[in-house]
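Encoded as structure tokens, the structure appears first; notes follow it.
Every chain is numbered from 1, with letters handed out A, B, ... down the list of sequences. Note that this is a predicted model, so its numbers are computed, not measured.
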Amino acid sequence: MIHHELETQLIRALAAVLPDVDPAAIQVRPCPEPRFGDYQASALMGLAKARRMNPRQLAAEVVAKLDVGQWCEPVEIAGPGFLNFKLKTEALNAAITQMAGEERLVEPSSHPRTVVVDFSSPNVAKPMHVGHIRSTCIGDAIQRVLRLLGHRVVTDNHLGDWGTQFGKLIVGWKELLDRQALDRDPIAELERLYRMVNQECEENPDRLEQAREELVKLQAGDEENGAIWKEMARLSQAQFDTLYGRMGVQFDHALGESFYNEALPAVVEDMMNKGIARESEGAAAVFSDGSLPPREDPFLVNRDGEWVAEPALIRKSDGGFNYMTTDLATIDHRLRTWQPDEIVYVVDDRQAPHFRKLFLTFARWQPAAADRVRLRHIGFGKILGEDGRPFKTRSGDTVKLSVLLDEAEERALKVVTEKNPALTEAERREVARVVGIGAIKYADLSPNRQSDYQFSWEKMLSLQGNTGVYLQYAYTRIRSIFRKAAEEGVAVDAGARIEAGEPDEQALAKHLLRFGLTLEYIVEEYRPNYLCAYLYELAGLYSRFYESCPVLKSAEPQRSSRLKLCELAGRVLKCGLNTLGIETLEQM
RNA sequence: GCGCCCGUAGCUCAGCUGGAUAGAGCAUCCGCCUUCUAAGCGGACGGUCGCGCGUUCGAAUCGCGCCGGGCGCGCCA
């Protein structure tokens with residue numbers, strides 16, 4: 001990548017001027033304003049400031065040592081000390097031609113890491129709903145970007161298949177189960193059971209006690225309760241398989257909470273022995289170690305002006321375990337099994353305090369292991385309805401994922417039918433499926449993950465603007481050229497170079513060269529929306545090129561050059577969309 | 001009460017490890033289909049980046065203080 005060459009050269013030139021500079025501080029980035037150049041470096045100004053030097057003079061000294069003539073016009077020093085790099089047309093053409101000729105669009109990372117990505121995590125015996133969309137879409141996109149960059153990825157779906165809710169569910173199963181309803185719609189029936197018993201528990205302490213007893217029996221290995229639990233898990237797995245199939249999401253592992261059940265007593269015992277946890281009101285708890293100032297300490301909470309302990313409980317007073325313990329055992333298992341450099345948790349931002357506690361607790365429990373792994377909570381915001389309130393159905397229930405996907409496809413089908421009635425019904429249904437699912441995913445991935453966003457069918461499936469449909473349409477327009485070419489017997493000269501002559505061609509080519517760089521930025525902070533923004537811009541640049549530069553009607557060698565540029569744009573667009581987990585179509 | 005997040009164009013949102021004249025889409029208005037899919041393209045209009053102070057050559061971005069909204073705060077996950 002040209003960008004890396006420039007960065008390397010800049011670091012080399014700077015080292016000749018200031019030998020003790022940290023190269024990591026030097027970055028060459030795409031120029032936000034094309035009229036200043038194609039790439040820029042602003043790091044010298046900060047450096048000059050830190051050393052009380054004249055920034056422009058430092059820039060001049062570095063530029064004097066800088067040898068990038070192979071790629072760039074003479075480097076300009078602008079404003080207070082920016083370096084502006086403008087690509088030579090010749091270098092641009094060589095680079096884009098080379099990219100078009102290579103099989104892989106992205107250079108693999110020079111430092112591949114092993115990353116465990118923990119995402120989706122639906123609950124057994126409950127329907128998947130809108131609340132699972134974000135974790136599933138964002139997590140899947142993250143793992144795809146990592147793989148594309150050549151990292152080793154382990155995806156693990158940490159199913160909510162164990163825990164307090166099963167006490168209530170077992171009570172319901174034993175006393176209130178409607179077999180026919182279970183056959184018709186197992187998840188709905190399980191949900192009904194849970195709701196009924198949960199309601200009863202709120203009003204009746206005896207019922208709550210009964211549920212607790214069933215839970216304790218289950219956790220103690222009771223055969224009957226174990227069989228019921230297993231059946232509920234099986235029914236749920238069928239639901240997950242269906243929905244993940246529709247969404248095109250796969251996992252390497254689905255080690256749910258139950259997988260760690262047997263490991264939990266030893267975890268608590270070990271932590272008690274090591275003095276990290278202690279008894280408190282009958283429970284086993286981890287308290288603050290006082291290493292952080294109170295306001296940054298997740299083991300403390302302020303109540304009426306007093307900082308009081310808020311320990312992490314790893315065993316409840318009734319002897320049961322909770323998710324903190326499970327999560328500790330999970331980290332332990334993942335480190336032993338996969339030796340990851342990093343574990344990322346794609347989970348709602350509201351759980352941030354839990355993860356802070358979890359990571360700190362683990363570091364106290366296994367300091368050496370914790371030093372070798374980076375634990376990161378990748379949080380995200382809520383999905384709101386069009387009224388700005390949390391997204392619910394009209395009757396106030398959570399929106400089920402299956403219903404949401406159905407509606408997306410239905411709405412997309414209407415649009416396709418209106419826009420392209422020439423397609424057969426089967427074709428239109430396929431287009432509707434790809435467009436509908438893609439629209440939901442794109443709507444979820446294009447905002448900054450930490451923002452809450454407003455869910456709007458209208459906007460999501462809008463044919464204009466920054467939507468999945470727009471990108472998919474841009475792709476079909478590219479493919480359409482090649483269909484037309486085949487019809488007319490036009491062949492691409494395989495040896496042709498891409499000569500980007502027109503401004504719209506050059507802008508497109510330059511943007512294509514930045515694909516890999518965009519992916520690298522994404523992985524730093526796990527922000528898939530950067531890829532959405534990149535692809536939206538790509539589609540726009542392609543459309544402009546498409547309007548202003550005839551492809552099939554131009555004469556050789558321009559025709560082959562443009563066909564190759566189209567092909568590359570198509571490959572990048574498709575690869576980028578697929579990396580977001582979004583499918584493309586040849587026609588729509 | 002304490003903590004976290006948010007406040008950018010009429011609406012929905014980008015941009016935030018400081019960088020050049022703050023960007024999109026929608027909406028409104030004006031243009032472009034005898035030429036590769038008009039599900040498209042071009043243009044116009046629209047902003048005290050919640051308010052104030054500070055740090056800096058430079059602040060939407062960093063710090064402090066307000067105002068407004070959301071979320072979270074022992075045996076759920």
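- Residue-level contact check: A/E524 touches the bases, meaning some heavy atom is under 4.0 Å from a base atom.
- At a threshold of 4.0 angstrom between heavy atoms, the contacts of A/P55 with the nucleic acid are absent.
- In this structure, the nucleotide among B/A20, B/C57, B/A38 sitting nearest to the side chain of A/K49 is B/C57.
- Remark: P of B/C57 and CE of A/M53 are 16 Å apart, rounded to the nearest angstrom.
- For A/Y546, the side-chain atoms get nearest to B/C36 when compared with the rest of B/C41, B/C36, B/U21.
- A/Y475 comes within contact range of no nucleotide atom at all, as no heavy-atom separation falls under 4.0 Å.
- Listed nucleotides B/C41, B/C36, B/A20 differ in distance to A/I481; the shortest reach to its side chain belongs to B/C36.
- Taking atom NZ of residue A/K357 and atom C1' of nucleotide B/C4, one finds them 14 Å apart after rounding to whole Å.
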- Base-contact (B) and sugar-phosphate-only (S) positions in nucleotides 70-77 of chain B, heavy-atom cut-off under 4.0 Å, - elsewhere: SS-BBBSB

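- Between A/S451 and B/A14 there is a side-chain N or O to OP1 or OP2 distance below 4.0 Å.
- Using atom C1' as the reference point in both B/G15 and B/A20, the two lie 15 Å apart (nearest Å).
- Using a 4.0 Å heavy-atom cutoff across all strands shown, A/D297 reaches no nucleic acid atom at all.
- Spacing between B/G54 and B/G47 at atom P, rounded to whole Å, works out to 27 Å.
- Among the protein residues, A/A78 comes within range of the nucleic acid bases, having at least one heavy atom under 4.0 Å from a base atom.
- Whole-Å rounding puts the A/E76 CD to B/G19 P distance at 21 Å.
- Nucleic acid contact for A/D349: none, since no nucleic acid atom lies under 4.0 Å from a heavy atom of the residue.
- Remark: A/Q454 is in phosphate contact with B/U12, judged by side-chain N or O atoms under 4.0 Å from OP1 or OP2.
- Along RNA chain B, the nucleotide nearest A/P80 and the nucleotide nearest A/P447 are compared for position; the residue whose nucleotide lies closer to the 5' end is A/P447.
- Among B/C57, B/A39, B/C41, the nucleotide with an atom closest to any side-chain atom of A/S543 is B/C41.
- To the nearest angstrom, C1' of B/G25 lies 10 Å from OH of A/Y442.
- Comparing B/G23 with B/A60, their C1' atoms sit 12 Å apart, to the nearest whole Å.
- The interatomic distance linking A/I522 (CD1) with B/U17 (P) rounds to 17 Å, in whole Å.
- For A/W307, taking side-chain heavy atoms from C-beta onward, the closest of the listed nucleotides B/C2, B/A20, B/G40 is B/C2.
- Listed nucleotides B/A20, B/G40, B/C36 differ in distance to A/F36; the shortest reach to its side chain belongs to B/A20.
- Counting to the nearest Å, the P atom of B/A20 and the CG atom of A/L83 are 15 Å from each other.
- If you measure from atom CZ of A/F82 to atom C1' of B/G58, you get 8 Å, rounded to the nearest angstrom.
- When the C1' atom is used for both B/G10 and B/C5, the distance is 26 Å, rounded to whole Å.
- Nearer the 5' end of RNA chain B, as judged by each residue's closest nucleotide, is the contact made by A/R295, out of A/M45 and A/R295.
- Between the base of B/U17 and the side chain of A/R29 there is a donor-acceptor pair shorter than 3.5 Å.
- In summary, the aromatic rings of A/F36 and A/F82 are positioned with their centroids too far apart to meet the 6.0 Å limit.
- One finds no side-chain N or O of A/N448 lying less than 4.0 angstrom from the OP1 or OP2 phosphate oxygen of B/C16.
- Counting to the nearest Å, the P atom of B/A20 and the CD1 atom of A/I77 are 19 Å from each other.
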